[in-house]
Amino acid sequence: MTSMPKSRSAGSPTVPEGWEAVMGFEIHVQLSTETKMFCSCPVSFGDQPNTNVCPLCLGYPGTLPAVNERVLEYATKIALALNCEIAPYTIFHRKNYFYPDLPKGYQISQHDLPLGMGGHLDVELEDGTVHRVGITRVHMEDDAAKLVHAGGVEGRIAGADYSMVDFNRSGTPLVEIVSEPDIFAPEQARAFLTQLRNLLEQLDVSDLNMEEGSLRCDANVSMHRPGTPFGIRTELKNMNSFRFLQRGLEAEIQRQADVLERGEEVVQETVHFDPSSGKVSVLRSKGEAHDYRYFPDPDLVPIQLDVAYVEKVRAALPELPAARKERYMRDFGLPAYDAGVLSANRWLALYFERVAGLVEDAKLSANWVMGDFSGYLNAAGLEVEDASIGPETLAELLQLLKEGTLSSKMAKDVFVLMVETGESAKTIVAERGMGQISDTATLEAMVAELVAAHPGPAEEFRQGREKVLGFFVGKIMKETKGQANPQLLNDLLRKALQP
Ligand code: ADP
Ligand code: MG
Ligand code: ZN
């Protein structure tokens, strides 16, 4: 008897028993080049509408595009970082369709000869296992203009029922990354996307701001019984956070499972997730019978990338998160968890390395960067690079902790004061007399005086009543307002109380 194939969604709390969910992603990354893809208009976000435009990106007839070399370089970086083969010969296609945000009447994209193919990303899952997601292709294309609904939040014209077109975005370079349908649970999807974003962040090719649309993500989802062919997929469009995307996938998986359990069929269409209601709704569309009439763009010459060029770009790639994590484990002796957290974000990694270099204690630095420091960033809604507590400032505090001037508890209090006052750890400790008393001579004198004043308890201790030690510790702590170094005090008391 052959057993049923196991569902690769197994273990996911959100995929119904007996089913396997299948997901593949199309991710659009807006490149942060200075100028647009085929003209010299600046790429920028938030400028006055229709100020960064020219006849080319407005789609006037008779204009001729010229490829921005930076776009090619950035796209090659992305494709290489995702372990793709770089096509030695690549061309642009016209993808024809009509929409008000597309003045040319076509998007310049790549069709059957994309820049990169056959890559992968190794995604670390929550249980520590590594899951390889195939990258089908990486290609370049230009972005459309932006439609602003006059009555909407951006348009802000009360009651208006028309839309306005802002062509500033028209012709902005994009890279599209298409994954294989290799993802089987919403939790995996989130891990994949987060790690993909972390990887892209190291490459410094995009600001990756999801709210501003510089990272856009479409998810394809289907359901089937393991061992049977893949099901019909729907597409969850344009989610603007990975958390919502995960929740949207959970809701869509449940919806599809319900449809299939009823014996009905999933229809290939676009679905929309509303985070406030937690529900998906179907955007009944014209079906997926697109015919874009792709054909090679006669205005653009084919691109032949020679090996030397590709190898030059490869050699200039920065250290990627996976390699950095390895290095943290190897060189700093950090546990895998710490190394993973700290290496994921480029700025956090730089911050940590600077602190660890100054303090010369990697684990202590890691604990603080991941703990109190990250907690402060979250609470203040700040990014690492905007933190008012720089690495040198944090390192100064950790020095005081390391040399025993501050206990861990005190260091936490000082850190809070540093955030509140903007003063350095040393200043705070000096001004408020917060230091721990670690001076042997001072404590020794106090201990000697105390023991002499309480001969009774001292004798009890010598008879073996260990508990009496607490009595002496308490007295000194009271006298020093808790600032005596506890370890040192303990040692000195035991010495003084010896028979
Ligand atoms: P299209 O260009 O029409 O969107 P593609 O074949 O390029 O179609 O696939 C787009 C995305 O859909 C890819 O990320 C792919 O992994 C994913 N995909 C394909 N088939 C399925 C399926 N049955 N279930 C889920 N995702 C799928
Ligand atoms: Mg698609
Ligand atoms: Zn232009």
Side-chain angles (χ1 to χ4, degrees), residues 8-9 15 19-28 33-44 47 50-60 63-68 71 82 93 95 97 103-104 107-112 114 117-121 133-139 141-145 166-173 176-186 188-189 192-193 196 216-226 228-237 249 252-253 256-257 260 265-271 285 287-292 294:
R8 285 167 293 185
S9 307
V15 179
W19 291 99
E20 180 170 86
V22 177
M23 281 154 266
F25 290 85
E26 291 160 278
I27 298 121
H28 286 91
T33 50
E34 276 175 29
T35 56
K36 291 185 182 180
M37 192 157 171
F38 300 110
C39 63
S40 52
C41 292
V43 167
S44 61
D47 283 359
N50 297 315
T51 50
N52 301 322
V53 293
C54 73
L56 188 120
C57 55
L58 287 172
Y60 283 23
T63 53
L64 272 180
V67 183
N68 179 345
V71 172
L82 289 169
H93 271 75
K95 179 178 177 178
Y97 64 93
K104 301 193 294 304
Q107 180 185 28
I108 300 177
S109 183
Q110 298 198 277
H111 188 49
D112 51 8
M117 279 176 31
H120 63 260
L121 178 65
V133 176
I135 301 297
T136 319
R137 54 190 278 143
V138 169
H139 73 247
E141 57 188 31
D142 67 349
D143 207 350
D166 177 4
F167 289 95
N168 282 353
R169 201 179 70 182
S170 170
T172 296
E176 180 174 341
I177 300 164
V178 181
S179 90
E180 290 288 306
D182 280 349
I183 295 159
F184 309 106
Q188 291 176 13
F192 166 67
L193 293 167
L196 175 62
R216 308 199 281 268
C217 192
D218 300 335
N220 297 272
V221 205
S222 67
M223 299 286 289
H224 71 146
R225 301 273 186 197
T228 66
F230 281 175
I232 293 173
R233 67 187 149 108
T234 60
E235 200 169 353
L236 195 62
K237 282 259 187 207
L249 288 170
E252 175 56 8
I253 283 167
Q256 287 190 19
L260 295 166
E265 269 178 18
V266 172
V267 182
Q268 178 162 357
E269 58 204 343
T270 301
V271 294
S285 61
E288 291 286 290
H290 288 309
D291 184 355
Y292 292 120
Y294 280 103

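Note that ligands are numbered from 1 as they come in the structure, with each ligand's atoms numbered from 1 the same way.
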Residue portion contacting ligand 1 (non-hydrogen atoms closer than 4.0 Å) for N220: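 Both the backbone and the side chain of N220 come within reach of ligand 1.
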Ligand 1 contact on E235 by region, counting heavy-atom pairs under 4.0 Å: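 It is neither; nothing of E235 touches ligand 1.
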About how many Å separate [atom2] of [Y] and [atom1] of [X], when rounded to the nearest 0.5 Å?
X    : Y    : atom1 : atom2 : answer
E265 : Q256 : CD    : CD    : 12.0 Å
H139 : E176 : NE2   : CD    : 4.0 Å
E252 : S222 : CD    : OG    : 10.0 Å
N220 : L249 : CG    : CG    : 10.0 Å
L82  : M117 : CG    : CE    : 14.5 Å

List every atom of ligand 1 that sits less than 4.0 Å from any heavy atom of [X], numbering the atoms from 1 in the order shown and giving each element.
X    : result
F230 : 23 (N)
E180 : 16 (O)
V22  : 24 (N), 25 (C)
G231 : 23 (N)

Between [X] and ligand 1, does any nitrogen or oxygen pair lie at a separation below 3.5 Å?
X    : result
V178 : no
F25  : yes
P181 : yes

Partner of P173 by side chain to side chain contact (heavy atoms under 4.5 Å, CB included), out of D143, N68, D142, V43: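 One option only clears the test, and that one is V43.
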Number of protein N/O/S atoms that sit closer than 2.8 Å to the Zn ion (ligand 3):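 Step by step: take the Zn ion (ligand 3), keep protein N, O, S below 2.8 Å, and you get 4.
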Between D47 and N168: side-chain donor-acceptor atoms closer than 3.5 Å: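 Looking only at side-chain atoms, N168 and D47 do not form any donor-acceptor pair under 3.5 Å.
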Side-chain donor-acceptor contact under 3.5 Å, T136 with E180: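 Indeed, the side chains of T136 and E180 share at least one donor-acceptor pair under 3.5 Å.
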Aromatic ring pairing H224/F230, orientation class (parallel under 30°, perpendicular over 60°, tilted between):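 Plane angle over 60°, so perpendicular.
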Any donor-acceptor N/O pair, E20 side chain to R8 backbone, under 3.5 Å: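 Side chain of E20 to backbone of R8, a donor-acceptor pair under 3.5 Å: yes, one is there.
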For A257 against M223, the heavy-atom pair lying closest together: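 For A257 and M223, the tightest heavy-atom pair comes out as CB-CE, 4.0 Å.
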Heavy-atom proximity to atom 5 (P) of ligand 1, best of M223, H224, R233: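 Among M223, H224, R233, the closest heavy atom to atom 5 (P) of ligand 1 belongs to R233.
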